[in-house]
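Take a look at the structure below.
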Amino acid sequence: MNKPKFVNKKWLVIAVILLILVTFSFLEEQKSVSARSIVLAISLDLQDDEYEMGIQLLKADQSQQKEFLTYSSKGKTITEILERLSHETGGAVSLCHTLVLVLGNDLLTKDNDKAMRFFVENEELCNNTMVVASKDSPLEILNAKLSNGQGGGYYLGHFLRDIGKDLGVIPMTIKDYIMNRFRIGGCVYLPYVSVEKTGEVTYISVTESFVTDGYNSAYLNEDATKGLSFALNKLKGGELSYEYEDKFGEVDIVNAKSDIKVSKDGKAKIKIKTTFNDKAYVPENIDEEKSVELIKQLISNYVTQCFETCKEQGLDIFYLGQTAYASNIELYKKEGYLQDITLDVSVNVSMK
């Protein structure tokens, strides 16, 4: 009679050791995660010669009650601040889940991208972390207690992901920010946000834009921001309002595409083709042909206003220097080349 075969003792010992190591590793990983402070939003600005940084965390108790907590600190370096915030929050600060980075005007125009390079070179943030500029203190955005119960930074991060390619502000990720800074002219355009209050309702306004090349800057109002959206984006949504004989009309955007060309004589031509659905809201007895002309003029005005506002500050918002370079036109090599460029906007409108 054959004796039953047993597992070799050596392999049995190895199996037991592996099981212990895997279990220990799993428990350590769980401990490591629970010991981290997961950051949802960051604010950052320059105050004199120091950085002021804020972080927003989401805490949930055993009853699943959610609370948004904000911590802030100042320091000469980002590393120094993160170490201090880790101590204050009771866990190692983790930035890899950050939804939005809110920047102050001074940081955008006086820091020479030192802080931004820190986040990118150290891979602290994901490529799709949103970047915005704040009209007032960036920390105010994080501290805002909105009427819907959400923290300002958390709300802003989700809102910017939802608007996609609608008419208005163009969401900017940190990846796009760095890419645009390396284009000729180095311009970046960011949603320009602020905390507003109407009666008892507190909300964050996201209808305007901030443009900078790291030194100069320009503010785009809501109309100029729409012009930026038409010129640079392939729009797939949003509503455009217009006025006709003291009546107001509104059309839905089906799609919009733009084509930008620069000639050797310094003329920049922007051709915009748009399709609208006019069933959203149309005043009674409106003349469709006249409405189309009004909409064409409205879009042209928005784009021109955006261009002229930035041109005054030497900001190549439409990346005309980059377009010239791609066409082997050396116009961009001249210092202040933007002042020699004239803009010609043509708009084609069709109704669905």
Side-chain angles (χ1 to χ4, degrees), residues 28-61 65-146 150-158 160 172-175 177-178 181 190 193-195 204 212 214:
E28 279 298 302
E29 178 65 21
Q30 294 299 312
K31 179 182 177 181
S32 174
V33 171
S34 64
R36 295 176 188 168
S37 295
I38 307 299
V39 176
L40 302 177
I42 300 172
S43 67
L44 191 63
D45 202 0
L46 278 179
Q47 298 238 334
D48 298 323
D49 59 345
E50 287 189 319
Y51 292 111
E52 180 184 52
M53 186 177 188
I55 58 173
Q56 185 170 85
L57 314 177
L58 176 60
K59 298 284 187 179
D61 57 24
Q65 289 289 327
K66 295 180 180 179
E67 182 182 8
F68 293 91
L69 303 177
T70 301
Y71 299 84
S72 64
S73 185
K74 293 182 180 181
K76 295 286 186 182
T77 67
I78 304 295
T79 301
E80 171 192 341
I81 297 173
L82 290 176
E83 289 176 355
R84 190 176 300 119
L85 289 173
S86 293
H87 176 74
E88 291 180 10
T89 60
V93 169
S94 174
L95 307 182
C96 59
H97 296 285
T98 302
L99 298 171
V100 64
L101 176 60
V102 186
L103 304 177
N105 294 358
D106 282 351
L107 183 105
L108 284 165
T109 57
K110 299 177 181 179
D111 189 50
N112 197 27
D113 280 340
K114 291 178 184 176
M116 298 300 284
R117 288 199 302 272
F118 169 85
F119 289 124
V120 174
E121 291 170 2
N122 292 281
E123 298 182 344
E124 293 284 351
L125 298 175
C126 292
N127 285 339
N128 65 349
T129 298
M130 296 291 178
V131 184
V132 303
S134 176
K135 277 189 176 182
D136 303 307
S137 163
L139 190 57
E140 184 182 349
I141 301 295
L142 267 60
N143 281 324
K145 302 298 182 183
L146 304 184
Q150 294 181 355
Y154 178 79
Y155 164 80
L156 189 57
H158 282 288
L160 291 170
M172 175 69 66
T173 65
I174 192 167
K175 177 183 177 181
Y177 177 100
I178 296 299
R181 291 290 284 116
L190 303 172
V193 303
S194 61
V195 178
I204 294 180
T212 182

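- Ser86 and Val93 make their closest contact through OG-N, 3.0 Å (heavy atoms, listed as atom of the first residue, atom of the second, distance).
- Remark: the backbone N or O of Gly54 is paired with a side-chain donor or acceptor of Ser43 at under 3.5 angstrom.
- Between Met53 and Ile42 the shortest side-chain heavy-atom distance falls below 4.5 Å.
- Contact of the Met172 side chain with the Met130 side chain is not registered, since no non-hydrogen atoms from C-beta on lie closer than 4.5 Å.
- A donor-acceptor pair under 3.5 Å links the side-chain atoms of Gln56 to the main chain of Tyr154, judged by distance alone.
- Summarising the geometry of Leu85 relative to Ser73, their closest heavy-atom pair is CD2-CB, 3.9 Å, with the distance given to 0.1 Å.
- Summarising the geometry of Lys74 relative to Arg84, their closest heavy-atom pair is O-NH1, 2.5 Å, with the distance given to 0.1 Å.
- Here the shortest heavy-atom pairing between Val131 and Thr173 reads CG2-C, 4.0 Å.
- Looking at Val195 and Ile141, their side chains come closer than 4.5 Å, going by heavy atoms from C-beta outward.
- Between Thr79 and Phe118, the closest side-chain pair of non-hydrogen atoms falls below 4.5 Å.
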Could you go through residues 97-111 and list every donor-acceptor pair under 3.5 Å that involves a side-chain atom there, pairing it with any protein atom two or more places apart or in another chain?
| unit_1 | atom_1 | unit_2 | atom_2 | d |
| --- | --- | --- | --- | --- |
| Thr98 | OG1 | Leu95 | O | 2.7 |
| Asn105 | ND2 | Tyr192 | OH | 3.0 |
| Thr109 | OG1 | Asn105 | O | 2.8 |
| Asp111 | OD1 | Tyr51 | OH | 2.7 |
| Asp111 | OD2 | Tyr51 | OH | 3.4 |
| Asp111 | OD2 | Lys114 | N | 3.2 |
| Asp111 | OD2 | Ala115 | N | 2.8 |

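- Looking only at side-chain heavy atoms (C-beta outward), Leu57 and Tyr71 come within less than 4.5 Å of each other.
- Annotation: side chain of Val193 is in contact with side chain of Leu156 (closest heavy-atom distance under 4.5 Å).
- Using a 4.5 Å cut-off on side-chain heavy atoms (C-beta onward), Phe119 and Thr129 make no contact.
- Within the 4.5 Å cutoff, side-chain heavy atoms of Leu160 are placed close to those of Val132.
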